[in-house]
Amino acid sequence: MAGGACSIVWFRRDLRVEDNPALTAGVRAGAVVAVFVWAPEEEGHYQPGRVSRWWLKHSLAHLDSSLRSLGTCLVTKRSSDSVSSLLEVVKSTGATQLFFNHLYDPISLVRDHRAKEVLTAHGVAVRSFNADLLYEPWDVNDAQGRPFTTFAAFWERCLSMPYDPEAPLLPPKRIISGDVTSCHSDQLVFEDDLEKGSNALLARAWSPGWSNADKALTTFINGPLLEYSKNRRKADSATTSFLSPHLHFGEVSVRKVFNLVRIKQVLWANEGNKAGQESVNLFLESIGLREYSRYLSFNHPYSHERPLLGHLKFFPWVVDEGYFKAWRQGRTGYPLVDAGMRELWATGWLHDRIRVVVSSFFVKVLQLPWRWGMKYFWDTLLDADLESDALGWQYISGTLPDGREFDRIDNPQFEGYKFDPHGEYVRRWLPELARLPTDWIHHPWNAPESVLQAAGIELGSNYPLPIVGIDAAKDRLQEALSEMWQLEAASRAAIENGTEEGLGDSTEATPFAFPQDTPMEENVEPARINAPATTRRYEDQMVPSMTSSLVRGVHDETSSDLRTSEEGSRAEVPRNVNVHQAPQRGTLNQGIQQTVRNNNSFLQFNLPMGVRNAEDSTDSSTSSSRRERDGGVVPVWSPPASSYSEQFIGDENDIGTSSSYLPRHPQSHQILNWRRLSQTG
DNA sequence: TTAAATTTTAT
DNA sequence: TAAAATTTA
């Protein structure tokens with residue numbers, strides 16, 4: 001059918017043939033050209049990490065083979081600009097229509113809007129659909145027609161909408177292929193040789209691809225779902241749904257999940273099965289949180305990089321590379337935290353409870369900027385998902401109206417006995433503690449010397465002492481909070497005086513520019529962990545990247561990382577950490593003021609801050625390891641902090657004071673338009 | 001039955 | 001940590 005009218009179905013994070021409205025529309029319209037564009041640079045700061053790319057690679061292969069059995073194939077394009085690649089495909093295939101499904105992260109919102117404009121201008125009819133959510137964000141509003149700002153109210157509304165979510169669509173029986181003879185596919189490269197080695201293990205635990213996702217769903221619903229409420233609290237329980245990576249890439253549709261779970265719900269309600277009903281409600285709630293993450297991202301497109309509660313932008317985070325590194329390596333001295341971080345490192349997976357534990361420790365005990373932690377999760381999690389992770393970290397950080405209280409500190413020791421009462425999880429991931437009795441497993445620092453000796457543990461040598469004491473952390477948190485309120489009051493006064501008036505609106509340039517990212521730091525680490533009976537290697541473990549001018553420091557730092565079971569590791573244990581001495585606070589606040597005054601300087605701001613921190617901390621007691629081993633050049637991961645949101649520091653995008661940023665800010669008209677655009681599907 | 005003690009769980 | 005839910009005397 002040479003050059004005959006056909007439509008492009010643009011696949012993104014909807015890698016399935018079942019319940020895929022864009023695909024269905026394409027099939028109905030006639031011949032189809034299925035396209036996937038790989039343009040990671042477009043994602044700026046948040047390019048998929050190694051394990052995420054591994055997943056994508058297999059998911060795409062799976063989709064391609066499904067499409068082939070239906071009569072067409074997946075055209076793949078390597079690109080630095082999705083929209084121009086689509087245009088190319090239009091030209092080479094003579095397509096007259098474009099169909100795609102909605103995404104709600106800020107970058108996609110803008111990119112998809114542009115795609116629509118540009119292709120329409122070229123005479124292509126564009127339609128887009130909801131395939132990712134039960135209800136579109138703009139359809140869920142309170143009685144005044146305003147978006148919700150708390151999860152409970154949002155979810156209650158979702159569950160009582162006047163109409164049900166759309167029923168899932170069946171896969172097409174057959175697809176008529178558009179003419180792709182003059183539209184060549186690029187070979188997409190998702191992993192290098194080094195990464196291949198590390199990824200080899202992933203296939204043992206996971207099967208990407210939409211029909212595997214479907215199997216996982218069925219297995220879960222017919223099995224573990226019943227006990228979901230009972231089992232979901234154990235650190236290493238295998239009773240979660242394990243659907244999150246499938247859902248992230250849209251291999252399974254939430255609407256299908258919802259429908260199948262609902263059927264069970266009715267069944268168990270009729271049987272009077274209380275445990276089952278509770279399980280269903282809890283599981284649906286976790287689906288609801290995923291919905292809410294998209295909802296927040298849509299209504300507050302900066303939620304992945306700035307607190308939704310405005311006063312939190314004045315919180316003086318501790319900018320300390322040493323702490324950050326100890327956390328990443330699982331060497332904080334708190335066994336549950338460390339076990340979690342080692343598991344994440346090794347497998348790309350973490351139970352939800354443990355995610356809460358490690359991130360809460362990160363924010364409340366170490367008081368590191370939550371976006372660093374979020375970025376590390378992004379780089380390492382198999383199910384890394386910008387919207388969900390932003391919601392999670394904001395919740396933990398207390399920067400949401402209904403998040404945890406900000407001044408609450410969870411004690412990892414108690415949480416350890418709660419989520420891992422027998423210490424099995426800790427022993428699995430921290431072999432150095434394997435012989436410690438359960439009584440001490442979550443607080444080895446209290447164990448009698450004789451017990452430690454018998455277990456072969458020398459605190460400060462082969463396992464660290466706590467990097468920060470909980471009591472010290474509490475004091476420090478209080479201080480930081482009062483500093484935050486002072487700064488907030490000062491800023492408010494300044495604004496009332498008119499000193500900073502209008503600054504927030506003055507920066508229209510590069511609305512979605514992020515600081516340059518450089519390739520991820522590599523850890524070349526032979527670490528032994530007696531996890532699933534294998535010796536694992538930790539090559540090419542991703543950690544947050546750093547600003548380009550500091551790249552030279554990379555190998556200096558990483559080559560000495562985390563030799564868990566080697567003598568050589570000892571120097572790396574963060575030690576000499578004086579609990580009573582407050583570490584250096586970052587100079588974020590000054591930085592922010594700077595940025596505001598000299599708006600659009602975020603790139604400049606970024607570098608100096610990193611360098612300053614590195615130099616400042618040379619003498620700090622928290623950074624001895626750096627001085628010893630890293631040759632003075634400290635790789636600094638550039639916090640996304642300064643990228644964008646601070647340009648709008650003067651605005652009132654507080655979720656507390658106004659429910660939506662959008663209507664009051666003309667410079668964000670792309671997104672206003674997008675609201676309209678979104679309804680065309 | 002009520003009130004106190006306890007356990008549970010946070011988006 | 002603190003509010004809510006549940007158990008106990």
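Residue numbering restarts at 1 for every chain, and letters A, B, ... go by the order of the sequence lines.
For the contact set between residues 403-418 of chain A and DNA chain B, defined by any heavy atom under 4.0 Å, the members are A/Arg408, A/Lys418.
The ring pair (Phe, Tyr, Trp, His ring centres under 6.0 Å) analysis of residues 266-287 of chain A, with sequence neighbours excluded, yields the pairs A/Phe220-A/Phe283, A/Tyr228-A/Phe283.
Seen from the ring of A/Trp393, A/Arg355 does not count as a face-on cation partner, given the 6.0 Å and 45° thresholds.
The pair A/Glu488-A/Arg492 meets the salt-bridge criterion, with a side-chain N (NZ, NE, NH1 or NH2) lying under 4.0 Å from an Asp/Glu carboxylate O.
At distances below 3.5 Å, at least one donor-acceptor pair connects side-chain atoms of A/Gln394 with backbone N or O atoms of A/Arg306.
Checked against salt bridge (charged side-chain N to carboxylate O under 4.0 Å, His left out), A/Arg290 has the following partners two or more places apart in sequence or in another chain: A/Asp132. Scored by the salt bridge (charged side-chain N to carboxylate O under 4.0 Å, His left out) test, A/Asp410 finds A/Arg404, A/Arg408 as partners (sequence neighbours excluded).
Think of the region where chain A sits on DNA chain B: with heavy atoms and a 4.0 Å cut, that region ends 5' and 3' at B/dT9 to B/dT11.
C/dT6 and B/dT11 have their P atoms separated by 16 Å, given to the nearest Å.
Relative ring orientation between A/Trp378 and A/Tyr46 is described as perpendicular, the plane-to-plane angle rising above 60° on a 0-90° scale split at 30° and 60°.
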Distance-only check: which donor-acceptor pairs under 3.5 Å involve side-chain atoms of residues 154-167 of chain A, not counting sequence neighbours?
unit_1, atom_1, unit_2, atom_2, d
A/Ser160, OG, A/Glu156, O, 2.9
A/Ser160, OG, A/Arg157, O, 3.4

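Atom pair A/Asp402:CG and C/dA4:P shows a separation of 15 Å (rounding to whole Å applied). The NZ atom of A/Lys274 sits 11 Å away from the C1' atom of C/dT6 (whole-angstrom rounding).
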